[in-house]
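To start, the structure itself, in structure tokens.
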Amino acid sequence: MVEAITATYVQEDADWAITVSGHGKELTARAPGIIAARDRADQLVEELGGEGRATVVHLLNGSALDFTSAYMTARLTLPKLPPLEVPPPGSVPKQQTEEPAPAPADKKPALPPSKQLPKAVEDRKAEPAPAPATETKAPVEQARA
């Protein structure tokens with residue numbers, strides 16, 4: 001029969017205390033947040049050992065639902081960021097708003113190394129192609145004679 005392993009979480013100030021019990025053993029640890037506490041509980045479950053894959057019940061205030069709610073809220077909540085400050089129009093220095101001078105039209109922009117041809121191919125492209133040999137054809141009348 002498979003014995004369930006119980007992971008109990010208790011919030012103590014900003015930290016979380018974790019107690020993992022099963023297989024006749026009990027291990028405890030602390031973590032700085034509920035997400036880190038859940039990760040630490042997984043490590044403690046591995047330390048308990050046991051045969052095969054263990055079933056772990058995570059409890060907060062004696063309730064698996066309370067733990068799941070708190071854990072998922074922490075996982076899905078965006079971090080608090082300071083508000084974005086947009087400078088008023090006209091306060092941006094002139095040098096930041098100027099666009100770079102366009103490249104001369106006769107010069108092509110450099111390709112990234114992954115798009116460049118090997119040097120041997122470039123050298124062959126640079127060589128002028130030999131002019132086709134011109135055949136001298138005799139007028140049709142001379143050919144019939």
Side-chain angles (χ1 to χ4, degrees), residues 1-138 140 143:
M1 185 166 104
V2 176
E3 180 185 348
I5 296 174
T6 305
T8 307
Y9 300 81
V10 177
Q11 188 171 8
E12 297 175 352
D13 297 321
D15 291 340
W16 289 80
I18 311 119
T19 304
V20 176
S21 56
H23 305 297
K25 299 177 190 172
E26 186 172 286
L27 301 173
T28 60
R30 294 180 67 81
I34 194 163
I35 296 171
R38 172 65 169 80
D39 291 341
R40 184 67 180 118
D42 287 342
Q43 295 169 354
L44 295 175
V45 168
E46 287 180 17
E47 288 179 30
L48 285 178
E51 296 177 20
R53 186 178 164 134
T55 300
V56 181
V57 179
H58 300 270
L59 302 173
L60 174 63
N61 302 325
S63 170
L65 181 60
D66 286 352
F67 171 79
T68 302
S69 176
Y71 179 74
M72 293 308 294
T73 299
R75 293 290 282 188
L76 298 175
T77 302
L78 294 175
K80 292 181 181 175
L81 299 174
L84 180 63
E85 293 183 25
V86 178
S91 66
V92 178
K94 181 90 170 148
Q95 62 187 356
Q96 290 182 0
T97 60
E98 291 180 9
E99 293 183 19
D106 60 335
K107 185 172 181 177
K108 294 181 182 176
L111 294 173
S114 62
K115 302 286 184 181
Q116 293 178 0
L117 294 173
K119 181 150 178 54
V121 175
E122 286 291 335
D123 290 344
R124 279 189 272 158
K125 282 178 65 178
E127 295 174 8
T134 56
E135 295 180 22
T136 56
K137 295 185 179 182
V140 178

Non-hydrogen atoms of [X] and [Y] that approach each other most closely:
| X | Y | answer |
| --- | --- | --- |
| A41 | I18 | CB-CG2, 3.9 Å |
| A54 | I5 | CB-CD1, 3.5 Å |
| V20 | A7 | CG2-CB, 4.1 Å |

Sequence neighbours excluded - ring pair (Phe, Tyr, Trp, His ring centres under 6.0 Å) pairs with any residue from [range]:
| range | value |
| --- | --- |
| residues 17-39 | none |
| residues 37-56 | none |
| residues 33-54 | none |

For residues 68-85, please give each side-chain donor-acceptor pair under 3.5 Å, one per line with the distance, not counting sequence neighbours.
| residue | atom | partner | partner atom | Å |
| --- | --- | --- | --- | --- |
| T68 | OG1 | A64 | O | 2.9 |
| T73 | OG1 | S69 | O | 2.7 |
| T77 | OG1 | T73 | O | 2.4 |

What pairs of donor and acceptor atoms, side-chain ones from residues 28-38 against any protein atom, are under 3.5 angstrom apart with sequence neighbours left out?
| residue | atom | partner | partner atom | Å |
| --- | --- | --- | --- | --- |
| R30 | NH1 | E12 | OE1 | 2.3 |
| R30 | NH2 | E12 | OE1 | 3.4 |
| R38 | NE | H58 | NE2 | 3.4 |
| R38 | NH1 | D42 | OD1 | 2.5 |
| R38 | NH1 | D42 | OD2 | 2.7 |

* Listed by chain and number, what are the side chain to side chain donor-acceptor pair (under 3.5 Å) partners of E47, not counting sequence neighbours? ->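 Once residues adjacent in sequence are excluded, E47 has no partner under the side chain to side chain donor-acceptor pair (under 3.5 Å) criterion.
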* What's the spacing between T8 OG1 and N61 CG if we round to 0.5 Å? ->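 The CG atom of N61 is 10.5 Å from OG1 of T8, to the nearest 0.5 Å.
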* **By side-chain contact (heavy atoms from CB on, under 4.5 Å) - contacts of S21 (at least two apart)** =>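 S21: side-chain contact (heavy atoms from CB on, under 4.5 Å) contacts with T6, E26.
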* **Check: W16 and L60 side chains under 4.5 Å, non-hydrogen atoms** =>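 The answer is yes, as the side chains (C-beta and beyond) meet within the 4.5 Å cut-off.
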